[in-house]
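A short write-up of the structure that comes next.
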Amino acid sequence: MTGLIVHEWIERAGGAEKVLDAMVDAFPDAPIRCLWNDAPERFLHNPPVESWLARTPLRRRKALAVGLMPAVWRTMRMHQAADWILVSSHLFAHHANFKDARDTPKYVYTHTPARYIWEPSLDQRGQGLLPRLGSPALRALDRRRASENTHVAANSRFVQERISRTWEIESTVIYPPVDVTRIQTVGSWVDRLSASEEAILQALPSHFILGASRFVPYKRLAQVIEFGERAGVAVVIAGNGPERSHLESKASAAKIPVFLLESPSDELLFSLYERTLAYVFPGVEDFGIMPVEAMAAGAPVIVNVSGGAAETVVDGVTGVHFDFDDMTNARSALDRAGGVNRNDCRHRALLYSRELFGTRLRSWVAPE
């Protein structure tokens with residue numbers, strides 16, 4: 001069977017892009033369609049076809065392009081036959097309705113109904129004047145378009161509940177792919193470090209907690225620093241993004257040592273997972289790939305009581321569920337995480353491997 005893969009827009013890195021990579025691995029012959037592609041080197045064997053938006057300045061101005069996206073997805077053409085359409089959606093890609101393929105089955109893999117339209121409290125992009133003015137109309141349109149889809153998958157039970165509440169439709173859960181096998185086939189990632197990276201690791205305290213993600217507000221990395229202060233332990237923050245200066249200010253004012261590592265390589269990040277007392281994840285995520293990566297490397301994980309990460313981390317077994325709005329028991333939570341069997345963490349992560357995702361996706365979209 002031959003299909004078509006549809007993705008919102010393609011960036012150089014991100015959780016949605018990891019899902020897209022795994023979709024392409026599962027269906028390597030399927031053409032790819034997107035609004036625009038900002039990682040042209042990603043699929044050289046199968047270059048994605050962009051929409052007309054890619055030829056305008058709006059490709060660099062997502063906020064301004066949002067109002068046009070629903071119409072763009074309704075006016076595309078297939079240009080070639082397909083037995084099915086697989087859509088990776090976190091905004092409006094699920095609106096896709098190709099004029100020359102109206103009867104083709106469409107399978108919508110939903111990262112989330114657009115958070116800055118439906119859940120602005122969780123995404124600051126929805127708190128500006130224009131999004132607040134436009135959201136009521138966009139919500140009505142989004143619910144109507146979503147109701148056209150009969151095959152919908154959610155990336156977690158947390159998102160499944162949001163789909164039911166916002167789109168008022170049913171969905172099945174297929175957890176996203178995590179590079180568990182890759183992480184676990186290396187005995188010690190420290191052995192893969194360059195000399196400069198090994199020096200960075202050796203300069204860190206022997207005991208620390210780790211926060212790692214993009215430096216953006218909804219990741220709540222400042223709460224990792226606060227958690228470290230309450231628990232009385234050093235903190236390492238790894239990543240990069242627009243919140244760097246804010247985190248540097250928090251770090252300099254902290255009562256415990258805080259180390260910011262900019263854009264670590266995979267090898268250094270995985271080494272940090274192996275060394276940390278616990279990976280601390282305060283964000284309310286739809287799924288949360290990095291907590292599973294941390295478990296794959298054997299790290300206990302302290303996650304928010306709310307969000308998709310609370311589904312992957314088993315409280316008291318592979319980590320701790322913690323209310324980051326009340327840091328009173330931070331030390332106790334860290335002590336509980338310290339009692340976790342790291343082999344249990346590694347075993348739990350296997351449930352979210354890239355290989356299992358491919359198997360589940362193929363059985364959903366193109367069962368034999």
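Positions are given from 1, in the same order as the sequence printed here.
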Under the side chain to side chain donor-acceptor pair (under 3.5 Å) criterion, do Ser265 and Glu197 qualify, and how do the steps go? CA-CA 9 Å; Ser265 66; Glu197 289 173 329; 2.6 Å; yes
Worked verdict on Asn240 versus Ser263 for side chain to side chain donor-acceptor pair (under 3.5 Å):
CA-CA 6 Å; Asn240 202 1; Ser263 302; 3.3 Å; yes
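Annotation: side chain of Thr181 is in contact with side chain of Glu355 (closest heavy-atom distance under 4.5 Å). Considering only heavy atoms from C-beta on, Leu201 comes within 4.5 Å of Leu193 through its side chain. For the pair Thr104 and Asp83, the minimum side-chain heavy-atom distance is 4.5 Å or more. Contact check for Asp38 versus Arg60: side-chain heavy atoms found under the 4.5 Å cut-off. Inter-residue side-chain proximity for Phe322 and Phe281 is flagged as unmet; no heavy-atom pair is nearer than 4.5 Å. Counting only heavy atoms from C-beta outward, the side chains of Cys34 and Glu50 approach each other to under 4.5 Å. Contact annotation: the side chain of Trp52 approaches that of Val72 to within less than 4.5 Å [non-hydrogen atoms, C-beta and beyond]. Between Pro282 and Val224, the closest side-chain pair of non-hydrogen atoms falls below 4.5 Å.
Remark: side-chain polar atoms of Thr276 are not paired, donor with acceptor, to backbone N or O of Leu272 under 3.5 angstrom. For Ser332 (side chain) and Asn329 (main-chain N/O), no donor-acceptor pair under 3.5 Å exists by modelled atom type. Judged by distance alone, the side chain of Arg348 and the main-chain N or O of Thr312 form a donor-acceptor pair under 3.5 Å. Distance alone, capped at 3.5 Å, is enough to place a donor-acceptor pair between the Glu17 side chain and the Glu11 backbone. Under the 3.5 Å distance criterion, the side-chain polar atoms of Arg33 are matched with a main-chain donor or acceptor of Arg77. For Asn149 (side chain) and His151 (main-chain N/O), no donor-acceptor pair under 3.5 Å exists by modelled atom type. Listed for the Glu8 side chain is a donor-acceptor partner under 3.5 Å among the backbone atoms of Phe92. Asn155 contributes no side-chain N or O that, together with a main-chain N or O of Pro176, makes up a donor-acceptor pair within less than 3.5 Å. Side-chain atoms of His321 come within 3.5 Å of backbone atoms of Ala310 as a donor-acceptor pair (strictly under, hydrogens ignored). Glu285 places no side-chain N or O within 3.5 Å of a backbone atom of Gly308 that could act as its donor or acceptor partner.
Side-chain contact of Glu168 with Ser147: a donor-acceptor pair under 3.5 Å is absent, judged by distance alone. For Asp286 and His90, the side-chain atoms include no donor-acceptor pair closer than 3.5 Å. One side chain, His111 or Ser88, offers a donor N or O that lies under 3.5 Å from an acceptor on the other. At a cut-off of 3.5 Å, with distance as the only test, a side-chain donor of Arg162 or Thr112 sits close to an acceptor on the other residue. Using modelled atom types, one finds a donor on one side chain and an acceptor on the other under 3.5 Å when comparing Asp326 with Thr328.
Within 6.0 Å of the CD atom in Glu148, the count of heavy atoms belonging to other residues, nucleotides or ligands exceeds 12. Atom NE2 of His347 has 12 or fewer heavy atoms from other residues, nucleotides or ligands within 6.0 Å. Remark: Arg59 CZ is packed, more than 12 non-hydrogen atoms of other residues, nucleotides or ligands lying under 6.0 Å away. When the shell of 6.0 Å around NZ of Lys219 is examined, it contains more than 12 heavy atoms from other residues, nucleotides or ligands.
Residue Glu293 holds its CD atom at 7.0 Å from CG of Asp179, rounded to the nearest 0.5 Å. Going from atom CG of Leu350 over to atom CE of Met295 covers 10.0 Å, rounded to the nearest 0.5 Å. Atom CH2 of Trp73 sits about 7.0 Å away from atom OG of Ser51, to the nearest 0.5 Å. Here the CG-NZ distance, from Leu221 to Lys250, works out to 12.5 Å after rounding to the nearest 0.5 Å.
Residues Leu204 and Leu277 are members of separate hydrophobic clusters, defined by side-chain heavy-atom contacts under 4.5 angstrom among Ile, Leu, Val, Met, Phe, Trp and Tyr. Grouping the Ile, Leu, Val, Met, Phe, Trp and Tyr side chains by contacts below 4.5 angstrom, directly or via other members, places Leu260 apart from Val236. Note: the hydrophobic cluster containing Val233 does not contain Phe259 (ILVMFWY, side chain heavy atoms under 4.5 Å, direct or indirect links). Phe270 and Ile209 are members of different hydrophobic clusters when ILVMFWY side chains are connected at heavy-atom separations under 4.5 Å.
Under the 4.0 Å criterion applied to side-chain N and carboxylate O atoms, Glu243 and Arg214 are not assigned as salt-bridge partners. At a threshold of 4.0 Å, the pair Glu119-Arg165 counts as salt-bridged, since one of the basic side-chain nitrogens sits closer than that to a carboxylate oxygen. Ion pairing between Arg192 and Asp266 fails under the 4.0 Å rule for side-chain N and carboxylate O. A salt bridge links Arg331 to Asp335: one of the charged nitrogens lies within less than 4.0 Å of a carboxylate oxygen. Classification of Arg42 and Asp21 as a salt-bridged pair holds, one side-chain N sitting under 4.0 Å from a carboxylate O. Arg157 has no carboxylate O lying under 4.0 Å from a charged side-chain N of Glu161, or vice versa, which leaves the two without a salt bridge.
The aromatic rings of His94 and Trp167 sit tilted, their planes meeting at an angle between 30° and 60°. Using cut-offs of 30° and 60° on the angle between ring planes, the pair Tyr107 and Trp364 is perpendicular. Classification of the Trp9-Trp36 ring pair by plane angle, with boundaries at 30° and 60°, yields parallel.
Under the 6.0 Å cut-off for aromatic ring centres, Phe357 and Tyr175 do not qualify, their centroids lying 6.0 Å or more apart. In this structure, the ring of Phe287 has its center no less than 6.0 angstrom from the ring center of Phe158.
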